[in-house]
Amino acid sequence: QVQLVESGGGSVQAGGSLRLSCAASGSSGDMGWIRQSPGKDPEGVAAINRDGMTRYADSVKGRFTISRDNAENLLYLQMNSLKPEDTAMYYCAASGVRSLGPPPLGATYYAYWGQGTQVTVSS
């Protein structure tokens with residue numbers, strides 16, 4: 001059983017930055033951030049394994065940075081140069097398993113999701 005609680009969302013102007021945090025309990029394994037807008041399919045934007053190996057969606061590459069603190073079971077997403085199209089509910093997710101390389105971005109890989117934190121980017 002893995003439980004996840006996100007924080008750090010909010011409203012920001014285009015070009016601004018936000019830092020999302022996720023507090024996990026249990027054996028989280030690989031972790032990632034998944035976003036979803038109304039009427040859209042979930043989109044995995046970033047993933048990280050326990051060794052710190054990362055994978056990013058093309059849409060956020062160079063702007064977002066995922067990191068984790070294994071000792072404290074914390075996950076972060078630093079979001080810079082935000083665009084209106086980044087507006088979504090952002091979910092912290094955990095697979096519960098460990099990969100040797102960068103984990104998949106696909107939402108179906110992650111068995112555990114948090115409740116989400118809303119990110120709104122205004123133009």
Checklist entry - So do the side chains of V45 and I66 get within less than 4.5 Å of each other, counting heavy atoms only? => result no

Checklist entry - Ignoring hydrogens and geometry, is there a side-chain-to-backbone donor-acceptor pair from N80 to S17 under 3.5 Å? => result no

Checklist entry - Just by distance, do the side chain of E6 and the backbone of Q115 share a donor-acceptor pair under 3.5 Å? => result yes

Next on the checklist: Could you walk me through whether Q118 and S11 satisfy the side-chain hydrogen bond (donor to acceptor under 3.5 Å, both in side chains) test, starting with their C-alpha distance in whole Å, then the side-chain angles of each, then the deciding distance to 0.1 Å, before giving a yes or no?
Outcome noted: CA-CA 8 Å; Q118 178 67 38; S11 298; over 6 Å; no

Checklist entry - Would Q1 and S27 count as having a side-chain donor-acceptor pair, cut-off 3.5 Å? => result no

Item to check | Test side-chain contact (heavy atoms from CB on, under 4.5 Å) applied to L4 and Y112, step by step | outcome: CA-CA 8 Å; L4 307 165; Y112 307 98; 4.2 Å; yes

Next on the checklist: Using a 3.5 Å distance criterion without hydrogens, assess whether the side chain of D51 forms a donor-acceptor pair with backbone atoms of M53.
Outcome noted: no

Checklist entry - What residues, two or more places apart in sequence or in another chain, satisfy side chain to side chain contact (heavy atoms under 4.5 Å, CB included) together with S25? => result Q3

Next on the checklist: Quick check on the 6.0 Å ring-centre criterion: do Y91 and W113 meet it?
Outcome noted: yes

Next on the checklist: So S123 and E85, do their side chains get closer than 4.5 Å, heavy atoms only?
Outcome noted: no

Next on the checklist: Going by salt bridge (charged side-chain N to carboxylate O under 4.0 Å, His left out), name the residues that satisfy it together with K61, two or more places apart in sequence or in a different chain.
Outcome noted: D58

Item to check | Main-chain N/O of K83 paired to D86 side chain as donor or acceptor, under 3.5 Å | outcome: yes

Next on the checklist: With side chain to side chain donor-acceptor pair (under 3.5 Å) as the rule and sequence neighbours excluded, what pairs involving residues 92-102 come up?
Outcome noted: D30-S99

Checklist entry - Taking side chain as C-beta onward, heavy atoms only, is M31 less than 4.5 Å from R50? => result no

Item to check | Pairwise side-chain contact, L20 with T117, heavy-atom cut-off 4.5 Å (strictly under) | outcome: yes

Item to check | Check: R19 side chain, Q78 main-chain N or O, donor-acceptor pair, under 3.5 Å | outcome: no

Checklist entry - Has the side chain of D69 got a donor or acceptor atom that lies under 3.5 Å from a matching backbone atom of L74? => result no

Next on the checklist: With a 4.5 Å cut-off on side-chain heavy atoms, are I48 and Y76 touching?
Outcome noted: no

Next on the checklist: Is there a side-chain contact between W33 and L75 in this structure, where contact means two heavy atoms from C-beta onward sitting under 4.5 Å apart?
Outcome noted: yes

Item to check | Any Y56 side-chain heavy atom under 4.5 Å of T54 side chain | outcome: yes

Checklist entry - Does some side-chain heavy atom of R35 sit less than 4.5 Å from a side-chain heavy atom of P42? => result no

